[in-house]
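Atoms within each ligand, like the ligands themselves, are counted from 1 in listed order. Note that the numbering runs from 1 along the sequence shown for the chain.
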Amino acid sequence: MRFNRILLKLSGESLMGEQGYGIDVKRLNEYAEQIKEAASMGVQIGIVIGGGNIFRGLTGAGKGFDRVKGDQMGMCATVINSLALSSALGAIGQKNRVMTAIRMEPIGEFYNKWKAIEAMQQGEVVIFSAGTGSPYFTTDTGSSLRGIEIEADVMLKGTRVDGIYTADPEKDKTATKFHDITYSEVIARGLKVMDITATAMCMQNDLPIYVFNMDIVGNLKRVLSGEDIGTLVHN
Ligand code: UDP
């Protein structure tokens, strides 16, 4: 696999590292270093980062929050994480910008496909925050949408597991890893790779997803160098 442009999806949950909540600075800086390394390979990079380390609308609704307001809180959480990543990238000299799906200048620039592509072509990392801008979606859907829009060659889903398994490997020791799998099989088997909406969007628009462990420093570069360390989802 050779990629010219990628959409990297990072989960908010991973960003909290060993802590139970918020942003682990060590993990944040490791992500920034890996992203800078990837950019120096000449790959154009768009990033979507989740907000689960701060707030999730669905969890909030379970505690009595209004669902739409809860989702809006979740989208704001992704903006917080995006700003943190932007700051960490800036600190190590990696040019980048934050775009927001909801207008909130001067915190971030309002999302625009063509401006994003232009920035990426000039070596800037573009962070797409606030998901899709709409409630009832997730940042998985946000990354499918942005990945398709910016015409990325692949969505790299950085997780804390090294690929897709037949069952949750953290719970089931007999689980085995897929080298590659089709979108329809992911959906049919109910595998929790991404939510169905996000998976279906990738399927319909032919955006391959590559799931790998981003928490091991150096892995992003390994994937971009063609090392087969994760699972590929395709049609
Ligand atoms: N969210 C939303 N619309 C979007 C993206 C995100 O409403 O387009 C909200 C939703 O409440 C979600 C929260 O933001 O629970 C955080 O995103 P997500 O759960 O995807 O974060 P992750 O699990 O990747 O950390």
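In this structure a side-chain-to-backbone donor-acceptor pair under 3.5 Å is present from K36 to I92. T166 places a side-chain N or O within donor-acceptor distance of the main-chain N or O of T176, the cut-off being under 3.5 Å. Checked by atom type and distance alone, the side chain of T78 pairs as donor or acceptor with a backbone atom of A130 at under 3.5 Å. Remark: the backbone N or O of T138 is not paired with any side-chain donor or acceptor of D140 at under 3.5 angstrom.
Looking at ligand 1, you'll find an N or O of G51 within less than 3.5 Å of one of its N or O atoms. Among the atoms of G12, some N or O lies under 3.5 angstrom from an N or O of ligand 1. By the 3.5 Å distance cut-off applied to N or O atoms, T78 is not counted among the residues near ligand 1. Residue-to-ligand polar distances keep N53 apart from ligand 1: every N/O pair is separated by 3.5 Å or more. Of the N or O atoms in G52, one or more lie within a sub-3.5 Å distance of an N or O in ligand 1. Backbone and side-chain nitrogen or oxygen atoms of R56 are examined, and one is located within less than 3.5 angstrom of a nitrogen or oxygen of ligand 1. Checked against a 3.5 angstrom limit, the closest N/O atoms of S134 and ligand 1 fall inside it. Annotation: G131 places no N or O atom under 3.5 Å from an N or O atom of ligand 1; distance criterion only.
A distance of 8.0 Å separates OG1 of T231 from CG of D180, quoted to the nearest 0.5 Å. Once rounded to the nearest 0.5 Å, the distance linking CG of L15 with CG of L85 reads 7.5 Å. How far CG of N4 is from CG of D153: 5.5 Å, rounded to the nearest 0.5 Å. Here the CE atom belonging to M214 is positioned 12.5 Å from the NZ atom belonging to K9, to the nearest 0.5 angstrom.
Interface of F55 with ligand 1, defined as ligand atoms under 4.0 Å from a residue heavy atom, comprises 13 (C), 16 (C). For ligand 1 and M75, the ligand atoms under 4.0 Å from any heavy atom of the residue are 1 (N), 2 (C), 3 (N), 6 (C), 7 (O), 9 (C), 14 (O). Every atom of ligand 1 is numbered from 1 in the order shown, and the set under 4.0 Å from a heavy atom of E13 is 25 (O). The contact set between ligand 1 and G50, taken as ligand atoms under 4.0 Å from a residue heavy atom, comprises 21 (O), 22 (P), 24 (O), 25 (O). For ligand 1, the atoms closer than 4.0 angstrom to any heavy atom of T132 are 4 (C), 8 (O). Close contacts of ligand 1 with P135, meaning ligand atoms under 4.0 Å from a residue heavy atom, involve 7 (O).
Of all protein heavy atoms, the one closest to atom 5 (C) of ligand 1 is T138 C, 3.3 Å. The single protein non-hydrogen atom nearest to atom 2 (C) of ligand 1 is F137 O, 3.1 Å, given as residue, atom name and distance. Among protein heavy atoms, atom 20 (O) of ligand 1 sits closest to T139 OG1, 2.5 Å. Scanning all protein heavy atoms for the shortest distance to atom 11 (O) of ligand 1 gives D71 OD1, 2.5 Å.
Residues C202 and M194 come closest through the heavy atom pair SG-CE, 4.0 Å.
Cation-pi geometry between R146 and Y111 is satisfied (NZ or CZ under 6.0 Å from the ring centre, within 45° of the ring normal).
Side chain to side chain, D206 and Y183 fail the donor-acceptor criterion of an N or O pair below 3.5 Å.
With a 4.0 Å heavy-atom cut-off, ligand 1 is reached by the side chain of K9 but not by its N, CA, C or O.
The pair E149-K113 does not meet the salt-bridge criterion, since no charged nitrogen lies less than 4.0 angstrom from a carboxylate oxygen.
Heavy-atom distances between A77 and ligand 1 stay at or above 4.0 Å for every pair. Residue contact check for ligand 1: G142 places no non-hydrogen atom closer than 4.0 Å to it. For M73, the closest heavy-atom approach to ligand 1 does not fall below 4.0 Å.
Side-chain atoms of M203 and V186, non-hydrogen and from C-beta on, never get closer than 4.5 Å to each other.
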Please assess V233 against M155 for the test side-chain contact (heavy atoms from CB on, under 4.5 Å), listing each intermediate value before the final yes or no.
CA-CA 10 Å; V233 191; M155 181 203 299; over 6 Å; no
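Here the shortest heavy-atom distance to atom 15 (O) of ligand 1, taken over S14, S11, G57, G74, belongs to G57.
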